[in-house]
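Below is one structure, written out as structure tokens; comments come after it.
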Amino acid sequence: MTTPHLSDAELAGQPAAYWTGVAYESLIAFTRAQHAAHGFTQPQFWLLRNLSPNDLLPGGGGLTVPELRHAMRSYLRAEDDLDAEAEVLRERGWLTRDAAGRLRITEAGEDARVRFKQYAPAIRARIHDGVDDADYVTTLKVLRRMIRNTGGTL
């Protein structure tokens with residue numbers, strides 16, 4: 001659905017919460033569709049990243065699903081099933097699970113993480129197409145200010 005062109009005055013009266021919600025849903029749907037087109041899910045990529053000693057788990061050692069869920073709490077969606085996603089990655093040979101339930105990334109999983117990471121710049125470029133970097137930075141500054149104004153934390 002397209003919306004008619006709005007003047008700056010009309011835009012100033014629009015509710016930010018509505019538009020940030022629309023933007024969030026659109027960006028997540030686009031990103032997840034791009035990942036799916038390449039044969040993986042966003043939660044699978046997050047699992048690999050969070051278990052990689054070359055990315056978000058510098059010390060290695062593995063994590064349990066509850067520990068991973070806690071680490072990803074700020075960006076997981078309600079429908080994200082880390083147990084099921086981890087099982088898919090385990091079946092692909094990209095993760096192992098020990099007797100204590102700790103997941104560890106395998107060499108094949110690390111190779112997949114690196115492969116998946118290569119798609120990020122193109123996804124970002126498509127999302128940012130036609131958006132000047134200065135405008136993007138200004139938008140983020142405004143959103144961060146609104147978050148602080150409403151008692152949110154960054």
Side-chain angles (χ1 to χ4, degrees), residues 15-154:
Y18 170 77
W19 288 109
T20 56
V22 171
Y24 173 77
E25 292 300 329
S26 180
L27 293 168
I28 293 296
F30 175 80
T31 301
R32 287 183 175 215
Q34 293 297 301
H35 287 175
H38 293 293
F40 65 101
T41 68
Q42 192 173 44
Q44 288 169 354
F45 183 50
W46 292 336
L47 283 166
L48 294 174
R49 289 197 66 205
N50 276 274
L51 291 167
S52 174
N54 299 310
D55 200 341
L56 299 177
L57 191 62
L63 297 168
T64 64
V65 169
E67 289 169 334
L68 287 159
R69 196 173 292 114
H70 179 76
M72 298 182 217
R73 69 191 175 282
S74 67
Y75 49 90
L76 280 177
R77 293 175 56 97
E79 67 269 20
D80 293 340
D81 183 343
L82 291 186
D83 287 304
E85 298 286 5
E87 185 58 24
V88 168
L89 296 179
R90 195 190 62 72
E91 289 171 1
R92 289 181 183 173
W94 296 352
L95 296 181
T96 61
R97 185 187 313 259
D98 65 20
R102 297 185 86 68
L103 294 165
R104 288 180 176 77
I105 193 169
T106 65
E107 188 174 319
E110 181 62 19
D111 290 344
R113 182 194 68 81
V114 170
R115 218 173 33 256
F116 294 164
K117 185 179 177 181
Q118 76 181 350
Y119 300 118
I123 294 169
R124 184 187 189 284
R126 175 82 184 274
I127 291 169
H128 287 246
D129 184 40
V131 178
D132 181 75
D133 284 346
D135 289 341
Y136 179 72
V137 169
T138 297
T139 300
L140 293 184
K141 286 180 178 180
V142 168
L143 290 172
R144 291 169 59 93
R145 179 58 189 220
M146 289 178 158
I147 291 165
R148 283 191 306 273
N149 287 350
T150 58
T153 57
L154 301 172

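It should be emphasised that the depicted structure is a prediction, and the values quoted were computed from it without experimental measurement. This chain uses plain numbering: 1 for the first residue, then up along the sequence.
When all heavy atoms are compared, the tightest approach of Leu63 to Asn50 is CD1-O, 3.8 Å. In terms of heavy-atom proximity, Thr64 sits nearest to Ala100 at CG2-O, 4.2 Å. Of all non-hydrogen atoms in Leu95 and Ala86, the two that sit nearest each other are CD1-O, 4.0 Å. Counting all heavy atoms, side chain and backbone alike, Ile105 lies closest to Leu48 at CD1-O, 3.6 Å. Shortest non-hydrogen contact noted between Pro43 and Asp80 is CG-OD1, 3.5 Å.
None of Leu47, Leu51, Thr41, Leu103 except one satisfies the side chain to side chain contact (heavy atoms under 4.5 Å, CB included) rule with Leu89; the exception is Leu47.
For residues 123-137, no residue pair satisfies the salt bridge (charged side-chain N to carboxylate O under 4.0 Å, His left out) rule, not counting sequence neighbours. Residue pairs meeting the salt bridge (charged side-chain N to carboxylate O under 4.0 Å, His left out) criterion with at least one partner in residues 84-96, sequence neighbours excluded, are Glu87-Arg90. Listed by first and then second residue, the ring-ring contact (aromatic ring centres under 6.0 Å, His included) pairs involving residues 69-93 are Trp46-Tyr75 (not counting sequence neighbours). Within the structure, the salt bridge (charged side-chain N to carboxylate O under 4.0 Å, His left out) test picks out the following pairs touching residues 67-77 (sequence neighbours left out): Glu25-Arg77, Glu67-Arg102, Arg69-Asp83, Arg77-Glu79. Annotation: ring-ring contact (aromatic ring centres under 6.0 Å, His included) contacts involving residues 125-154, sequence neighbours excluded, comprise His128-Tyr136. Contacts classified as salt bridge (charged side-chain N to carboxylate O under 4.0 Å, His left out) and involving residues 40-65 (residues at least two apart or in different chains) are given here: Arg49-Asp55, Asp55-Arg113.
Within a 6.0 Å radius of CZ in Arg144, other residues, nucleotides and ligands contribute 12 heavy atoms or fewer. No more than 12 heavy atoms of other residues, nucleotides or ligands lie within 6.0 Å of CD in Glu107, so this atom counts as exposed by the packing criterion.
Ala108 pairs by the side-chain contact (heavy atoms from CB on, under 4.5 Å) definition with Trp94, Thr106, not counting sequence neighbours. Every residue two or more places apart in sequence or in another chain that forms a side chain to side chain donor-acceptor pair (under 3.5 Å) with Asn54 is listed here: Glu110. The side-chain contact (heavy atoms from CB on, under 4.5 Å) test applied to Ile147 returns Leu154, not counting sequence neighbours. Remark: Arg97 engages no residue in a salt bridge (Lys or Arg N to Asp or Glu O under 4.0 Å) (not counting sequence neighbours).
Counting only heavy atoms from C-beta outward, the side chains of Tyr119 and Phe45 never approach each other to under 4.5 Å. Contact annotation: the side chain of His35 approaches that of Ile123 to within less than 4.5 Å [non-hydrogen atoms, C-beta and beyond].
Atom CD of Gln42 is separated from atom CZ of Phe116 by 12.5 Å, given to the nearest 0.5 angstrom. The distance from the CZ atom of Arg104 to the OG atom of Ser52 is 14.0 Å, given to the nearest 0.5 Å.
A side-chain donor-acceptor contact under 3.5 Å links Thr138 to the backbone of Ala134. Side chain of Thr20 to backbone of Ala17: a donor-acceptor contact under 3.5 angstrom is found.
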